[in-house]
Each structure stands twice: as C-alpha cells, then as structure tokens.
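Every chain is numbered from 1, with letters handed out A, B, ... down the list of sequences.
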2 protein chains.
Amino acid sequence: MVQHLPVPRAVAAARSREALIDAALELFADDGFDATSTEAITARAGVSPRTFFRYFPTKESIVFHRDYGFMRSFAAVFLDQPASMTDYEALRATFVGQAAGFGALRARIETYRAAVDSSAVLVGREQEHLHDHATTVAEAVARRRGLTEPDAACRLFGDVALVLYQRALRGWLDGPPARELADLVDAEFARLPGLVR
Amino acid sequence: MVQHLPVPRAVAAARSREALIDAALELFADDGFDATSTEAITARAGVSPRTFFRYFPTKESIVFHRDYGFMRSFAAVFLDQPASMTDYEALRATFVGQAAGFGALRARIETYRAAVDSSAVLVGREQEHLHDHATTVAEAVARRRGLTEPDAACRLFGDVALVLYQRALRGWLDGPPARELADLVDAEFARLPGLVR
DNA sequence: TGTACATCAGTGAACGCGCGTTCACTGATGTAC
DNA sequence: TGTACATCAGTGAACGCGCGTTCACTGATGTAC
C-alpha cells in the first residue's frame with residue numbers, strides 16, 4: 001500500500017501557488033497574455049479552474065507576485081556610499097552593485113520580460129511599479145542631500161536612473177549570455193554625462 | 001414643415017466619430033476606463049451601441065485617435081537647428097519649439113491625461129507610442145551625426161528626451177494654468193546636465 | 001495516545017457581465033444615364 | 001430634371017467568450033482536551 005506522508009497545508013498551498021505562477025508566466029511568454037485563459041493556466045499547473053482565483057484576484061496580478069528584490073535594499077546601500085562621491089556616482093555604484101549576481105536569474109527574468117511585453121495591460125502595470133521604484137530613488141537622493149522631501153531634481157534622478165537600468169536590462173537580455181548585467185548598467189551610467197551637454 | 005437639408009455622408013460619419021471620441025474621453029477621465037462601458041459611451045454620444053464598433057475595433061483604441069501632432073514635424077525641425085549647437089542643445093531647442101502654443105489644447109490634454117492614467121491597459125498602450133517617439137528622436141539624432149543607423153547613444157537620447165518631455169507635460173498639467181509648457185520643457189532640459197556628474 | 005472538533009486547500013456548478021462578432025436590414029445620400 | 005441603382009451610415013437582435021463571483025461541499029490537516 002502507498003503510505004502517503006501528510007503534506008502540511010502551508011506546503012500544499014505554496015506548491016499550488018508556485019505551480020500557478022510558473023505555468024502562467026511560461027504560457028504568457030509563449031502564447032501571449034491575452035491568448036492565455038486562466039483555465040489553460042490551471043490545466044498546466046494541475047489544479048482546477050476554480051483554484052486560480054483562490055490565490056490571485058485577477059489574471060493580471062499573477063505576473064507581479066515574484067519579487068527579484070532589486071530595490072529592496074536600495075536606500076541602505078545608496079546611503080552607505082562615501083560622501084566624496086557625487087549623487088550620480090553614488091547612484092551608479094549602487095545600481096551596479098544591485099545588479100551583481102543576476103546571472104543565475106536570467107532565465108526567469110527572460111520569461112518575465114516576454115510575459116510582460118506580450119500585453120499592454122501588463123506593460124501598464126509594470127509602469128506603476130517602475131514609478132514606485134523611481135520614487136524610492138528620489139527619496140533616497142533627497143535624504144543624501146539632507147532634504148525632507150524630494151524636489152524636482154531628486155525626482156529627475158529617480159526617473160533617469162530607472163531609464164538607464166531598464167535599458168541595461170533589455171540590452172542584457174537581448175545580448176550574449178556571457179555579459180554581466182552589472183557591466184551593462186555601468187556602461188549606461190557612463191554614457192549619459194557625455195551626451196547631455 | 002422642417003426642411004432638413006441633406007447631410008453629406010462624410011460629415012455625418014465625422015460627427016458620430018468625434019462625438020464618440022469626446023464622450024469616451026470624458027467618461028474615462030471622470031469614471032475611469034474600466035468602469036465605463038461602450039454602451040455608456042454610445043448613449044452619451046447619441047448613437048446606438050452597435051455604432052461604436054463601426055468606428056473603433058476595441059474600446060481601448062478610441063483613446064489614441066486624436067493626434068496632437070507633437071512629433072509630426074520633429075525630424076525636420078531638429079535637423080534645421082544650427083550645426084554650432086550640440087545634439088543636446090538642438091534637441092532642447094526642438095522640443096521647446098514644439099511645445100509652443102499648447103496652451104489652447106490644455107483642457108483636451110488634461111482630459112486625455114486623466115483618461116489614460118485611469119487604466120493600466122491605456123498606460124501600456126501609451127508606452128508603445130512613447131517608444132515610437134523615442135525611436136523617431138533616435139533616428140533624427142543618428143542622421144544629424146551622419147550615421148545610417150541609430151547606435152546606443154542615439155537611442156539613449158531618444159529615451160531621455162521623452163522622459164524630460166513627459167515630466168514637463170505632467171508638471172504643466174499639475175501646475176497653475178498661466179505657466180507655459182515650453183518654459184517647463186526648457187527647465188527640464190536645463191536641469192539634467194548639472195545632475196549627471 | 002486517542003477522540004472530537006475546527007480549519008483550510010481544493011473543487012463543482014451556475015451565473016452576471018461586458019466586449020466584440022455575425023447576420024440581416026432600413027433609409028438616406030450619392031451617382032450613372 | 002428625372003429615374004434607377006449603388007453605396008454607406010446607422011441600427012437590432014442574437015450570440016460566443018472568458019473573467020471573476022457566489023454558494024455549497026469534500027476530505028485532509030491541525031489542534032484542544
């Protein structure tokens with residue numbers, strides 16, 4: 001007889017949840033968000049259609065339930081940069097540092113990127129997240145400058161930093177696997193000052 | 001008796017079309033894109049529900065059927081800037097020039113902005129358009145530099161220019177009506193070089 | 001260690017809703033002669 | 001100028017589809033005693 005050792009509820013739930021996220025991102029990346037029904041996702045994940053909405057309120061929301069932690073420790077690292085650096089240099093060093101070790105995540109990030117790019121609604125949702133990240137940067141710059149509130153310059157830092165990072169990320173995903181994301185981030189930050197004069 | 005002078009077909013069609021666009025943008029701005037049904041739009045426009053899909057293939061598409069012509073003559077104006085200017089200066093002068101006379105469009109642009117911001121799918125669609133505009137800028141910069149294809153630097157110009165313009169536009173819409181968009185665009189371009197060092 | 005009950009992952013079935021499509025038609029405008 | 005036909009703006013009705021909700025239930029896991 002098969003003895004099935006009991007599966008703790010939290011483990012069972014985490015499994016279903018992860019299976020759904022994996023299934024969804026792969027199907028979105030391959031077939032596109034709009035062409036993928038929630039039923040196709042549950043079929044691939046091996047659960048019933050109804051179970052999808054037990055874990056995620058909408059089809060969109062499943063895409064953003066994985067956090068690669070890029071901005072998690074941003075403020076702390078940024079504020080640790082030596083005072084001798086300009087804000088731009090400190091920003092550059094921080095982003096380069098955060099990008100280290102992304103090689104292992106490449107396949108996942110590629111799938112995520114393809115999934116998001118497959119649908120306008122996901123691009124729009126990601127914009128909201130990027131805006132939040134830009135705000136995080138703006139607030140960190142404000143603190144480094146001794147301001148209580150980010151002013152226009154701080155917010156511009158936030159927007160520009162995110163643009164540079166996004167450009168590096170896309171260049172990394174489009175280019176040969178051997179290149180390091182950190183190097184591409186550094187190159188983007190290096191490129192800008194010479195142009196804007 | 002009422003004599004109704006015949007309405008040319010093209011005129012009737014243009015009227016319905018414009019009425020639908022006006023109704024849609026106002027409802028989206030007020031109630032949000034997702035909370036506005038196509039039927040509510042047709043009711044406000046004074047046509048039948050079926051008529052919506054005669055003019056627009058999807059509910060989304062109606063938002064982007066008005067062109068404020070911002071980028072229409074961009075390349076020509078940019079390439080007309082004196083060779084003594086740097087690329088950045090030429091870009092700045094071109095964007096400032098294109099922004100002139102936007103005061104009259106303010107109410108319309110405000111409605112458009114609120115409509116787009118009301119829904120992730122519209123934000124995503126607009127991103128595609130902004131990406132096209134960034135490409136236009138990148139190609140114009142490439143031509144000014146005598147390149148056949150935009151390189152990474154040209155494309156960075158495109159992305160950065162669009163960010164600066166979008167920031168100026170939002171600042172304009174959020175600020176007092178008396179300020180000129182052109183001045184805000186100029187201020188954004190002026191702010192960047194001092195920061196990135 | 002064993003029993004009784006509470007909790008919770010997972011499911012089934014039926015439904016409301018709005019987008020977008022399809023088929024078929026009306027009546028005014030446009031055009032050929 | 002008048003007649004005959006073609007075109008096209010606008011509509012009605014019915015429908016397919018997939019998202020997301022609601023109600024009701026099963027059976028395994030977790031816990032209190």
Side-chain angles (χ1 to χ4, degrees), chain A residues 1-25 27-28 31-65 115 118-122 124-125, chain B residues 1-25 27-28 31-65 115 118-122 124-125:
Chain A
M1 281 299 287
V2 175
Q3 278 285 62
H4 43 148
L5 28 158
V7 178
R9 285 212 275 245
V11 172
R15 260 187 212 161
S16 292
R17 190 190 179 73
E18 287 301 308
L20 283 167
I21 295 176
D22 284 341
L25 285 173
L27 287 171
F28 293 166
D31 305 338
F33 177 80
D34 298 304
T36 302
S37 66
T38 56
E39 206 164 329
I41 297 168
T42 55
R44 174 177 263 222
V47 297
S48 83
R50 180 65 188 72
T51 299
F52 187 93
F53 294 100
R54 185 177 175 81
Y55 289 100
F56 307 99
T58 65
K59 194 171 83 161
E60 288 167 43
S61 66
I62 198 171
V63 176
F64 303 102
H65 270 265
S118 79
S119 170
V121 70
L122 298 180
R125 289 272 174 244
Chain B
M1 281 302 283
V2 175
Q3 276 288 58
H4 42 150
L5 27 159
V7 178
R9 285 211 275 243
V11 172
R15 259 187 211 162
S16 293
R17 190 190 179 74
E18 288 300 307
L20 283 167
I21 296 176
D22 283 341
L25 286 173
L27 287 171
F28 293 166
D31 305 338
F33 177 80
D34 298 302
T36 302
S37 66
T38 56
E39 207 164 328
I41 298 168
T42 55
R44 175 178 264 223
V47 298
S48 84
R50 180 65 190 73
T51 300
F52 186 94
F53 295 100
R54 186 178 173 81
Y55 288 100
F56 307 99
T58 65
K59 193 172 85 162
E60 287 167 45
S61 66
I62 198 171
V63 176
F64 302 103
H65 270 266
S118 80
S119 170
V121 70
L122 298 180
R125 288 273 174 243

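Between the C1' atom of dG16(C) and the CZ atom of Phe53(A) lies a distance of 14 Å, rounded to the nearest Å. For the pair Asp34(B) CG and dC17(C) P, the computed distance is 17 Å after rounding to whole Å. Spacing between atom CZ of Phe52(A) and atom C1' of dT22(D) amounts to 18 Å, rounded to whole angstrom units. Whole-Å rounding puts the Phe56(A) CZ to dC19(D) C1' distance at 16 Å. Between the P atom of dG10(D) and the CZ atom of Arg17(B) lies a distance of 11 Å, rounded to the nearest Å.
For Leu27(B) against Ala40(B), the heavy-atom pair with the smallest separation is CD1-O, 3.7 Å. Contact record, Ile62(B) with Ala24(B): CD1-CB, 3.6 Å, taken as the closest heavy-atom pair. Minimum interatomic distance between Phe52(A) and Thr58(A) (heavy atoms only, all atoms of both residues): CE2-O, 3.8 Å. When all heavy atoms are compared, the tightest approach of His65(A) to Ile21(A) is CB-CD1, 4.0 Å. Residue Lys59(B) comes nearest to Thr36(B) through the heavy atom pair NZ-O, 2.7 Å, listed as atom of the first residue, atom of the second, then distance. Closest of all the heavy-atom pairs between Phe28(A) and Ala115(A) is CB-CB, 3.7 Å.
Between Ser37(A) and dG18(D) there is no side-chain polar atom (N or O) within less than 4.0 angstrom of OP1 or OP2. For the pair Thr38(B) and dC19(C), the criterion of a side-chain N or O lying under 4.0 Å from OP1 or OP2 is met.
Across all strands shown, dT26(C) pairs with dA9(D); the Watson-Crick or G-U wobble distances both stay below 3.5 Å. Searching all strands for a Watson-Crick or G-U wobble partner of dG2(D) with both distances below 3.5 Å returns dC33(C). The partner of dC17(C) is dG18(D), by the rule that a Watson-Crick or G-U pair needs both atom distances under 3.5 Å.
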Just by protein heavy atoms under 4.0 Å, how would nucleotides 1-9 of chain D read 5' to 3' in B, S and -?
------BBB
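One can find a donor-acceptor pair under 3.5 Å joining the base of dT22(C) and the side-chain atoms of Arg50(B).
No contact: Ser61(B) has no heavy atom under 4.0 Å from any strand. Residue-level contact check: Thr42(B) touches neither bases nor backbone, having no heavy atom under 4.0 Å from any strand. Across all strands shown, Pro49(A) has no heavy atoms under 4.0 Å from either base or sugar-phosphate atoms.
Which of dG20(C), dT11(C), dG20(D) sits closest to the side chain of Thr58(B) comes down to dG20(C). Among the nucleotides dT21(D), dG20(C), dT11(C), the one closest to any side-chain atom of Lys59(B) is dG20(C).
Between the side chain of Ser119(B) and the backbone N or O of Asp34(B), no donor-acceptor pair lies under 3.5 Å.
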